[in-house]
Amino acid sequence: MKPLSLLIEILIILGVTIKTIKAEEHNKRQKERNVTTQVSVNEIKQYLSHILEQRTSSNVINKRENLLEKKKNQRKIRIKGIQNKDILKRNKNHLQKQAEKNFTDEGDQLFKMGIKVLQQSKSQKQKEEAYLLFAKAADMGNLKAMEKMADALLFGNFGVQNITAAIQLYESLAKEGSCKAQNALGFLSSYGIGMEYDQAKALIYYTFGSAGGNMMSQMILGYRYLSGINVLQNCEVALSYYKKVADYIADTFEKSEGVPVEKVRLTERPENLSSNSEILDWDIYQYYKFLAERGDVQIQKALHYFLKAAKAGSANAMAFIGKMYLEGNAAVPQNNATAFKYFSMAASKGNAIGLHGLGLLYFHGKGVPLNYAEALKYFQKAAEKGWPDAQFQLGFMYYSGSGIWKDYKLAFKYFYLASQSGQPLAIYYLAKMYATGTGVVRSCRTAVELYKGVCELGHWAEKFLTAYFAYKDGDIDSSLVQYALLAEMGYEVAQSNSAFILESKKANILEKEKMYPMALLLWNRAAIQGNAFARVKIGDYHYYGYGTKKDYQTAATHYSIAANKYHNAQAMFNLAYMYEHGLGITKDIHLARRLYDMAAQTSPDAHIPVLFAVMKLETTHLLRDILFFNQFTTRWNWLKLDNTIGPHWDLFVIGLIVPGLILLLRNHHG
């Protein structure tokens, strides 16, 4: 099916789901913000407008009523001659309930089928099939399917991004009480994407979304109260929001292990974005994703590989086979005895994963009698080898008093060790200890930061990959929307990436004049979270007047923070230049020289720029000493240079120095 015909079919079905939409008014307000890719923008506008006009008054209830009316007429024929109104009324009610149930059940089945197809999809065609099922389910009033379709239109999941249509559907869903739609509308309002920029309205949407249980809204509110964004900074409120999400994340990690998602910084590898040798690859990502979701084919592949490696003597392979049998999956049935066998084989080779596996069997009494002493012994051996999961298990035993006396100091020690390797449950329990003051001095700030780290391991982090691949494929708008949502949730890398895309001015979903101010806002949020590059960027924006007024003093302040706190070479160089010329700070040649030298020592990349800068500085001051022996003459001549050549006459000096150096080097080699 061609993309255009698929879009048309989906939009036809979507039209039925949109309830009480003021088409003309809304289209007029949003007509310049209808963003699409792969197909003609005008075609989409015209077709969507036509659908909305034709179906303004129609909705799912109308369709249900038509179906019920048809059924009622058929029923009337069957019961012709029956005069008992009570019987007729009872039959009518029964028919109505049955029809509604059948209608709802069919929508649910289509939605579940769509989810299954989407999870197992390996190609764009399969993804399109999944979204076609979602569209049909949405047509039958399935709210989850409508949410999927709205997300697809917002993020461009099935090849076409249409923010105007997404907003219309979100607004319809919000009236039905969808907390996911409330969150999406809050996000769009907070950036002014397709909607009026309104932080107060965004906060209201997020509050409703959070009240409905939307975890993205709860994370966003947690970050806002932590940072004081459009609300009064309040650590305790932030703690309450982050804890709700972290509790859920911890529960999912206790049931299964998640797949770590690489968060690519666009600022660090712009030259590699089109490279075929990029480490990240969509197929590899899909493999690991499906492996985590227990996809049949991927598990079979993994088992085949592990069995082959185990025969070759790989202790890790033995341990992973034991893990597969312990958990049970589509490739192997759950079998504690077989798990024990493979864990023992791995442990006999001193493998930490095998030792940890045996500890788990004894800790839970699976296939062996429950024995906390044996579990403790194996966990300790694995922990000594640096296995973070074993360190966490030791911490948990001391924390909960499982078979041993509670010891919060030891619990803290092992949780901390495991957390250094990024063990998510260890980080979660550390946060819990700081939040309640258990075994440590209570610290709301530390607890919030730890909970925030756990929350950022949620499944929504997968958007880092889809956003990255969209950027690589040149779908800048789709990439920006995804990064911007993650940025709103408090991810520092996403804030940097969003700002990077905005300042490139390649996106079309915001007016050009809004891009620098929004980028500055995001660079500022990233800088507050410790990004040195972002701190330098803020200095640059104030130095050049990007998205704000020129302010050398503020620029110097940010360069100073980046130089002193993060030892950033670029900041040192920029600050040296400002001291050399007295821009926003008192002129100080000696301090300028020292900062230039520090920049060269900090980064090898700064050697050449520093060399030229220092040569220019020394040459200009040598000329000053030789040619202008009189103070009055000195002032007059420098002013004359400024007036005739301009304030950046020193650049001309560099232009003279460089050719001179080249001639000297040529003569030397000759």
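What you see is a predicted model, and the numbers here were worked out from it, not measured in a lab. Values below: all heavy atoms of this structure, side chains included; hydrogens, waters and symmetry mates excluded.
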I'd like to know whether H356 forms a side-chain contact (heavy atoms from CB on, under 4.5 Å) with K381, so could you lay out the CA-CA distance, the side-chain angles of the two residues, the decisive distance to 0.1 Å, and finally the verdict. CA-CA 8 Å; H356 172 251; K381 287 181 179 180; over 6 Å; no
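- A distance-only check finds no donor-acceptor pair linking the side chain of S419 to the backbone of G422 [under 3.5 Å].
- Of the options K144, K463, K180, a salt bridge (Lys or Arg N to Asp or Glu O under 4.0 Å) to D151 is made by K180 and by none of the others.
- Under the 30°/60° scheme for interplanar angles, the aromatic rings of Y362 and Y378 are found to lie parallel.
- Looking only at atom types and distance, the side chain of D407 has no donor-acceptor partner in the side chain of Y414 under 3.5 Å away.
- Using cut-offs of 30° and 60° on the angle between ring planes, the pair F363 and F396 is perpendicular.
- Checking K452 against Q529 by side-chain atom types alone, a donor-acceptor pair falls below 3.5 Å.
- Inter-residue side-chain proximity for L450 and V454 is flagged as unmet; no heavy-atom pair is nearer than 4.5 Å.
- Side chain of T252 to main chain of I249: a donor-acceptor pair is present (N/O by atom type, distance under 3.5 Å, no hydrogens or angles).
- In this structure, E374 pairs ionically with K377, as a charged nitrogen and a carboxylate oxygen lie closer than 4.0 Å.
- Atom-to-atom distance recorded for L502:CG and L520:CG is 11.0 Å, nearest 0.5 angstrom.
- The backbone N or O of C179 sits nowhere less than 3.5 Å from a side-chain atom of Y205 that would complete a donor-acceptor pair.
- For the ring-ring contact (aromatic ring centres under 6.0 Å, His included) with Y491, the qualifying choice from W460, Y483, F464 is F464, the only one to do so.
- Between the side chain of Y191 and the main chain of A484, a donor-acceptor pair closer than 3.5 Å is present.
- Side-chain N or O atoms of N531 include one that pairs as donor or acceptor with a backbone N or O of F533 at under 3.5 Å.
- Side chains of Q199 and S189: no donor on one and acceptor on the other come within 3.5 Å.
- Within the model, atoms CD1 of I193 and CG of L480 stand 6.0 Å from one another, a figure rounded to the nearest 0.5 Å.
- Under a cut-off of 6.0 angstrom, the local environment of OH in Y416 is sparse, with at most 12 non-hydrogen atoms contributed by other residues, nucleotides or ligands.
- Taken to the nearest 0.5 Å, the CE atom of M219 stands 5.5 Å off from the OH atom of Y242.
- Using modelled atom types and a 3.5 Å distance limit, the side chains of E503 and W523 yield a donor-acceptor pair.
- Across all their heavy atoms, L485 and M216 have their closest contact at CD2-SD, 4.1 Å.
- Residue F343 forms a side chain to side chain contact (heavy atoms under 4.5 Å, CB included) with just one option from L360, I321, L358, L355, and that option is L358.
- Between E488 and R525 there is a salt bridge, with a side-chain nitrogen of the basic residue lying less than 4.0 Å from a carboxylate oxygen of the acidic one.
- For the atom pair CG (N524) and CD1 (I229), the distance works out to 9.0 Å, reported to the nearest 0.5 Å.
- Proximity of Y428 to K432: side-chain heavy atoms (C-beta onward) are separated by under 4.5 Å at one or more points.
- Ion pairing between E492 and R265 holds under the 4.0 Å rule for side-chain N and carboxylate O.
- In this structure, the side chains of L173 and E147 come closer than 4.5 Å at one or more pairs of heavy atoms.
- In this structure, NZ on K366 lies 6.0 Å from CD on Q334, to the nearest 0.5 angstrom.
- Of the possible donor and acceptor atoms, one in the side chain of S603 sits under 3.5 Å from a partner among the backbone N and O of D605.
- Closest of all the heavy-atom pairs between L522 and Q495 is CB-O, 3.7 Å.
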Intermediate values then yes/no, side-chain contact (heavy atoms from CB on, under 4.5 Å), Y223 and M489: CA-CA 7 Å; Y223 176 63; M489 295 169 72; over 6 Å; no
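- One side chain, T466 or Q482, offers a donor N or O that lies under 3.5 Å from an acceptor on the other.
- Salt-bridge annotation for E236 and R442: present, with a side-chain N of the basic residue lying under 4.0 Å from a carboxylate O of the acidic one.
- The nearest pair of heavy atoms linking R445 to L226 is NH1-CD1, 3.4 Å.
- Proximity of a side-chain donor or acceptor of S479 to a complementary backbone N or O of A467 within less than 3.5 Å is detected.
- The heavy-atom pair separating Y408 from Y399 by the smallest distance is CE2-O, 3.6 Å.
- In this model, no donor atom of one side chain and acceptor atom of the other lie less than 3.5 Å apart for N214 and Q182.
- Taking the six-membered ring where tryptophan is involved, the planes of F306 and F320 are essentially parallel, since the angle between them stays under 30° and well short of 60°.
- Put simply, the side chain of T602 reaches to within 4.5 Å of the side chain of M572, judged on heavy atoms.
- There is no side-chain donor-acceptor pair under 3.5 Å between R224 and Q233.
- Other residues, nucleotides and ligands place more than 12 heavy atoms under 6.0 Å from the OH atom of Y566.
- Heavy-atom contacts from other residues, nucleotides or ligands closer than 6.0 Å to CZ of F155 number more than 12.
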Give the intermediate values and the outcome of side-chain contact (heavy atoms from CB on, under 4.5 Å) for residues N497 and Y468. CA-CA 9 Å; N497 288 354; Y468 173 70; over 6 Å; no
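- Taking both residues in full, the closest heavy atoms of S210 and S217 are given as N-CB, 3.5 Å, listed atom of the first, atom of the second, then distance.
- Rounded to the nearest 0.5 angstrom, Y471 OH and S478 OG are separated by 13.5 Å.
- The minimum heavy-atom distance between N335 and T338, with the atom names listed, is OD1-N, 2.9 Å.
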